[in-house]
Amino acid sequence: MLDIQILRNDIQGAAKRLESRKFSLDVAFFQALEAERKTVQTRTQELQARRNAASKAIGMKKAKGEDASEILAEVASLGDELKQNEASLDEIQGKMQAFLLSIPNLPHESVPFGQSEADNVEVSRWGEPKHYDFEVRDHVALGEGLSMLDFETAVKIAGSRFTLMKGAIARLHRALSQFMLDLHTTEHGYVEVYVPYMVNPESLRGTGQLPKFEEDLFKIPIGLPESTNAEYADILSKGVDSFKGHQRYYYLIPTAEVPLTNIVRDEILAPESLPIKYVAHTPCFRSEAGSYGRDVRGMIRQHQFDKVELVQIVHPEKSYEALDSLLGHAEEVLRRLELPYRVVSLCSGDMGFSSAKTYDIEVWLPAQKAYREISSCSNFEAFQARRMQARFKSGGKNELVHTLNGSGLAVGRTLVAILENNQQSDGSVSVPEALRPYMGGLERISAG
RNA sequence: GGAGAGUUGGCCGAGUGGUUUAAGGCGCACGCCUGGAAAGCGUGUUGAGGCGUAAGUCUCUCGGGGGUUCGAAUCCCCCAUUCUCCGCCA
C-alpha cells in the first residue's frame, strides 16, 4: 500500500511512476473521493464533539441531581445527522481503503523501464553452459527413463500440474531442501521457521496477494454456511474481520513469504532486533489460473511445489544493501550446485504488484537452451509493512520497517536443472558434490 | 465436538451505564536533588487520523465487528483467541 500522503501531495508524480508499470491511476476518482472525505469527516467530527460535550454535561448535571432534560432534548436533535454522517464517512473510508489496496508499489528509481520480460536487464552471469556431444533430453524424458518421475499417475490421483517422484529422484528432491536450509541457517545467518501452510486472508492482504489476486490461490471454506461471492468480495476489499453469518476461508500458501513476513504483522519491534532473517521450507500452492498452455510439460509450472524461502525484515535505510545480500545468498545455492545462471533486473512492466525492485535468478536449462527463472528476490520497501502495520521504535517514533524476500531456491525447478545439466549420454544423472552427503554418498542416479 | 473462565496501554493490574478525561504499580525517558550514583521528588509515556503556517485543537482506539443509549471498558448479539475440564485423536 502506498502512503496516502504521496497521493495527497504529488499524485501526478505517482501516476507517472505507476504508468511505467502499466498501471493507470485514477487521479480524478481519488481527488473527488478525498474532497468528499474531507467534508464529511470534518462535519462528522464536529457533530461528535458536540455530542460528547453534551453527554458530559448531562452526566455532570445528573451527578448533582439537577434536571438535564433541556440538554437531552438538544442533543437528541443531533442524532440523525450524526448517524448519517458516520455511515457516509464509513463508506467513503471503505472505498478509499479499497482504492489504496488496489494500487501497486512504486518502482525504485534504479528499475529499468520496460513493457515485458523482453525488457529485463541482465546484470550478471555465472558458469558456462556445458557442451553435450549427444542429444540432450529434458527432465521429463530423463525422469521417466529412470522410472522416477511419473506424471501419468499424478494425473490419476490428483490432476494435471502435479508430479509424482520416486526413489533416488524423490530423495534428491528432499536432499535439495535440506541442503538449502543448512546453507542459509549455518552460513547466511537465517533462523529456520516452520510455518502454517494455510493462512487467513488478513495475512494474504498483508503481503499483497489479496484482494487483487484471489484467483491465483487455493481457497478452503471453514465452518459456517457459504455466503455469496459478491458479499465475500466486498469483505475482502473493505476489511476481513468476521461477523455474523459470513463465511471464513483459509488459503493454501502460494509461497512461504506469506506466513514468514506476517510474523511481524501488527508488531512494534525493538530497533536492535533488526535485521530479522527467516528461512522456511514449505510446499507452495498456486492455481495457475490464466496460464493454460504455458509450460504444460514437466514440472516447471505446478499446482504444488516446494520452495525454500528467505525473508528479511530490515531498517528502511538498509533495505537495498539487504537486497544485494539476499540475492547473494540465493546465488550461492546455484554456485555450490555448479549450475550456470544469470541475474536479471526486472523492468518496470514485469515486476510483481508489491515490489519496488526485483532481481530474478535464471538457471540454464540445456533442453530448452534458455535461462529460466529459479528465484525472485525483491525489496518491497514499506509497501507490505504499511499493509501489515509492521513497525519498529525509532527514537520515540514508530516507523515502518522494510521487507524483502527471495527464493533460495525453488526446489522443483532446481531438481529440473540438476537432471538436465548433469545428464549423461546413457540417461543417468550425476549427483552434485554438495548433495552427496545428503544422498548417502550416491554419485550417480541410474535406472534400476 | 461439549462445558466453564478469560482477553484493559511497553508489562502487571483496578474498573458492573455519567468528573474514567482508564486508578495504581512496574518499566522507560527527561528534570530536580548529588562530588558521582542509589533512594526520594516532579513531569512525561497506547496507537491511528482530521483541521491548522503554527501554537494548538478535535475525532477514533479497552481482542475484532455489530447493536442498545443523550452517553458503553461496563449491557446485548456474532466472531477470533487463550486457559481449565470432558470427549476424540497422530
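Per chain, numbering begins at 1; letters A, B, ... match sequence-line order.
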### Task
Indicate the ring-plane relationship of A:His188 and A:His329, choosing parallel, tilted or perpendicular according to the 30° and 60° boundaries.
parallel
### N/O donor-acceptor pair under 3.5 Å between A:Ser20 side chain and A:Arg17 backbone
yes
#### Entry: A:Arg8 side chain near B:rG50 phosphate (N/O to OP1/OP2, under 4.0 Å)
yes
#### Entry: Pairwise C1' distance for B:rG24 and B:rC83, with rounding to whole Å
26 Å
### Task
Please state whether the phosphate of B:rC60, meaning OP1 or OP2, lies under 4.0 angstrom from any side-chain nitrogen or oxygen of A:Asn52.
yes
## Note on the structure
If pairing means Watson-Crick or G-U wobble with both distances under 3.5 Å, then the partner of B:rG4 is B:rC83
#### Entry: A:Arg294/A:Glu288 ion pair, N-O < 4.0 Å
no
#### Entry: Gap in Å between the two P atoms, one belonging to B:rC77 and one to B:rA90, rounded
38 Å
### Query
Taking any strand in view, what nucleotide pairs with B:rG35 in a Watson-Crick or G-U wobble way, both distances under 3.5 Å?
none
### Query
Is A:Arg43 touching bases, backbone alone, or none of the nucleic acid, heavy atoms closer than 4.0 Å?
nothing
#### Entry: B:rC60 and B:rA55, which share atom name C1', separated by this distance in whole Å
23 Å
### Message
Return whichever of A:Lys56 or A:Arg51 has its heavy-atom-nearest nucleotide of RNA chain B closer to the 5' end.
### Response
A:Lys56
## Note on the structure
Any strand, both distances under 3.5 Å, Watson-Crick or G-U wobble: B:rA90 pairs with none
### Query
Starting at CD of A:Glu46 and ending at P of B:rC60, how long is that distance when rounded to a whole Å?
14 Å
#### Entry: Mate of B:rG49 where both pairing distances stay under 3.5 Å, Watson-Crick or G-U
B:rC58
### Query
For B:rU43, which nucleotide in any strand shown is its Watson-Crick or wobble partner with both distances under 3.5 Å?
B:rA29
### Task
Using the closest heavy atom to pick a nucleotide of RNA chain B for each, name whichever of A:Gln389 or A:Ala49 lands nearer the 5' end.
A:Gln389
### Query
Rounded to whole angstroms, how far apart are NZ on A:Lys38 and C1' on B:rC58?
15 Å
### Query
Can you tell which of B:rC58, B:rG47, B:rG49 lies closest to the side chain of A:Ile268?
B:rG47
### Query
Which of these nucleotides, B:rA48, B:rC58, B:rG71, is closest to any side-chain atom of A:Arg391?
B:rA48
#### Entry: Length of the line joining A:Leu400:CG and B:rG47:P, which is rounded to integer Å
14 Å
### Message
Taking the C1' atom in each of B:rG6 and B:rA73, what is the distance between them to the nearest angstrom?
### Response
15 Å
### Task
Can you tell me the distance, in whole Å, between the CG atom of A:Leu82 and the C1' atom of B:rG71?
12 Å
### Message
What is the distance, to the nearest angstrom, from the CD atom on A:Gln93 to the P atom on B:rU59?
### Response
16 Å
### Task
Determine the interatomic distance between C1' on B:rG35 and the same-named atom on B:rA23; round to the nearest Å.
40 Å
### Message
Strictly below 4.0 Å, N to O, side chains only: are A:Glu267 and A:Arg391 in salt-bridge contact?
### Response
no
### Query
What is the base-pairing partner of B:rU19, counting Watson-Crick and G-U wobble geometry with both distances under 3.5 Å?
none
### Task
For A:Tyr250 and B:rA80, give me the distance from atom OH to atom P, rounded to whole Å.
9 Å
### Task
Have a look at A:Ala54 and say if it touches a base, only the backbone sugar-phosphate, or nothing, with a 4.0 Å heavy-atom cut-off.
nothing
### Task
Tell me, please, whether A:Tyr190 has A:Lys277 positioned over its six-membered ring: NZ or CZ under 6.0 Å from the ring centre and within 45 degrees of its axis?
yes
### Query
Which nucleotide, B:rG47, B:rC58, B:rG18, lies nearest any side-chain atom of A:Ile58?
B:rG18
### Message
Say we look at B:rU8 and B:rU82: how far apart would their P atoms be, to the nearest angstrom?
### Response
14 Å
## Note on the structure
Rounded to whole Å, CD of A:Gln45 lies from C1' of B:rC60 at a distance of 8 Å
### Task
Please state the P separation for the pair B:rC88 and B:rG1 - nearest whole angstrom.
15 Å
### Query
Any side-chain N or O of A:Arg50 under 4.0 Å from OP1/OP2 of B:rG71?
no
### Query
Using the C1' atom in both, what is the distance from B:rU57 to B:rA37, to the nearest Å?
43 Å
#### Entry: Nucleotide B:rA48, atom P - distance to CD of A:Gln48 in whole Å
19 Å
### Query
Should the pair A:Glu152-A:Lys156 be classified as a salt bridge under the 4.0 Å nitrogen-to-oxygen rule?
no
### Electrostatic pair A:Arg37:A:Glu34 at N-O distance under 4.0 angstrom
yes
